[in-house]
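For reference, the structure discussed in these notes is given below.
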Amino acid sequence: MSARTFLSTGKKIVAIANGGTIEIPKGCEVHHEVELAVVMGKETRDCPASKVMDHVAGYALAIDCTARNLQIQAKNKGLPWSTAKGFDTFSPISEFIPKESIGDTGNVDLWLKVNDRFRQQGNTKDMIFSVPKLLEYVSSIMKLEAGDVILTGTPSGVGPIKAGDIITAGMKPGNADKDIVQVKFNVADRNGLFQA
């Protein structure tokens, strides 16, 4: 596992590098969700959608992993479910993609395969809320800082992964011929104290 700094602000996110391993905690059913990640470039608070993209530094491709059984248990009890998304290795993310590489966040193709079989294929144009509207909403609640990473939503096809699987994913602007980024991650059981 490595800590990666996206911007020179010193803010870090814990991420596994391309080719690393997603770890499945004991007793957890873990699901994949491929997403466009937005990397903020400057402090942003109460910023309208019409101006918020000026605060974005760039993007990344992320896989949002969720221990679905823990999430369901917490929701059923009316409890927060941050544990379901908070395990080490649960946010594998690509290298930083400069802002100019994606002209329109409303037209980005995303795909994810498990063991070379497509599970997810979609485009950000099908999201319920646009990236600018999402960022406006988040910035109305909390101040975003340079280097903060916001995941934006996932296409249909979310499903389970298990030890031994190989996950590959990619992303390209909707009008491009080839992916601007691809990632590959192994999946293995986690050796640790946690037991669901």
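The analysis underlying the following values was restricted to heavy atoms, covering all of them including side chains, and did not include hydrogens, waters or symmetry mates.
For F118, the CZ atom counts as densely surrounded, since its 6.0 Å shell holds more than 12 non-hydrogen atoms of other residues, nucleotides or ligands. Heavy-atom contacts from other residues, nucleotides or ligands closer than 6.0 Å to CG of L193 number 12 or fewer. Within 6.0 Å of atom CG in L79, more than 12 heavy atoms from other residues, nucleotides or ligands are found, so the atom counts as buried in its surroundings.
Cluster annotation: M171 and W111 are assigned to distinct hydrophobic clusters (Ile/Leu/Val/Met/Phe/Trp/Tyr, side-chain heavy-atom contacts under 4.5 Å, transitive). Using a 4.5 Å cut-off between side-chain heavy atoms of Ile, Leu, Val, Met, Phe, Trp and Tyr, with links allowed through other members, M53 and I102 fall into the same hydrophobic cluster. W81 and V30 end up in different hydrophobic clusters when Ile, Leu, Val, Met, Phe, Trp and Tyr side chains are linked at under 4.5 Å. Linking ILVMFWY residues whenever their side-chain heavy atoms come closer than 4.5 Å, directly or via other members, leaves V158 and V114 in distinct clusters.
Across all non-hydrogen atoms, the minimal contact from N115 to G164 is OD1-O, 4.2 Å. In plain terms, the two heavy atoms of A37 and L151 that are nearest each other are CB-CD2, 3.5 Å. Taking each heavy atom of L61 and I97 in turn, the nearest pair found is N-CD1, 4.4 Å. The minimum heavy-atom distance between P92 and C65, with the atom names listed, is CD-SG, 4.2 Å. For N18 against Q182, the heavy-atom pair with the smallest separation is ND2-O, 3.3 Å. The nearest pair of heavy atoms linking G41 to A146 is O-CB, 3.4 Å.
The side-chain heavy atoms of H55 and M40, taken from C-beta on, include a pair separated by under 4.5 Å. Side-chain contact between F185 and I166 is absent, with no heavy-atom pair separated by less than 4.5 Å. Between L112 and T168 the shortest side-chain heavy-atom distance does not fall below 4.5 Å. Looking at heavy atoms from C-beta onward, I167 lies in side-chain contact with I161 at the 4.5 angstrom threshold. Residues V187 and I24 meet the side-chain proximity criterion, which asks for heavy atoms closer than 4.5 Å. You'll find the side chain of I180 reaches within 4.5 Å of the side chain of P173, heavy atoms only.
Atom CG of residue D165 and atom NE2 of residue H32 lie 9.0 Å apart, to the nearest 0.5 angstrom. Interatomic distance, CG of L135 versus OG1 of T105, reported as 8.0 Å (0.5 Å rounding). Atom OH of Y137 sits about 9.0 Å away from atom CE of M142, to the nearest 0.5 Å. In this structure, the separation between CD1 on I93 and CD on E35 is 10.0 Å, given to the nearest 0.5 Å.
The pair D109-K172 meets the salt-bridge criterion, with a side-chain N (NZ, NE, NH1 or NH2) lying under 4.0 Å from an Asp/Glu carboxylate O. A salt bridge does not link D54 to K51: none of the charged nitrogens lies less than 4.0 Å from a carboxylate oxygen.
Listed by chain and residue number, V34, L110, Q120 satisfy the side-chain contact (heavy atoms from CB on, under 4.5 Å) test with P155 (two or more places apart in sequence, or in another chain). Residues satisfying the side-chain contact (heavy atoms from CB on, under 4.5 Å) test with F194, not counting sequence neighbours, are P25, C28, L70, F87, A196. Legend: residues meeting side-chain contact (heavy atoms from CB on, under 4.5 Å) with S139, ordered by chain and number and at least two apart, are T44, C47, L144. Listed by chain and number, the residues in a side-chain contact (heavy atoms from CB on, under 4.5 Å) with K143 are E43, R45, E145 (sequence neighbours excluded).
A donor and an acceptor atom, one from each side chain of Q73 and N76, are nowhere located under 3.5 Å apart. Side chains of E33 and H31: no donor on one and acceptor on the other come within 3.5 Å. N107 and N123 are linked by a side-chain donor-acceptor pair at a separation below 3.5 angstrom, with hydrogens and angles left out of the test.
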Item to complete: Applying side chain to side chain contact (heavy atoms under 4.5 Å, CB included), run through V38 and T152 and close with a yes or a no.
Response: CA-CA 8 Å; V38 177; T152 60; 3.8 Å; yes
Practice prompt. Starting from the C-alpha separation in whole Å, work towards a yes-or-no answer on side chain to side chain contact (heavy atoms under 4.5 Å, CB included) for V131 and L36.
Written response: CA-CA 9 Å; V131 170; L36 169 67; 4.1 Å; yes
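Note on residues 183-196: no pairs pass side-chain hydrogen bond (donor to acceptor under 3.5 Å, both in side chains), not counting sequence neighbours. Pairs of residues two or more places apart, or lying in two chains, never qualify as salt bridge (Lys or Arg N to Asp or Glu O under 4.0 Å) while including a residue from residues 122-131.
Here the side chain of E136 pairs no donor or acceptor atom with the backbone of P48 at under 3.5 angstrom. Under the 3.5 Å distance criterion, the side-chain polar atoms of R68 are left unmatched by any main-chain donor or acceptor of G159.
Within the cation-pi definition used here (under 6.0 Å to the ring centroid, within 45° of the axis), K85 does not qualify as a partner of F90.
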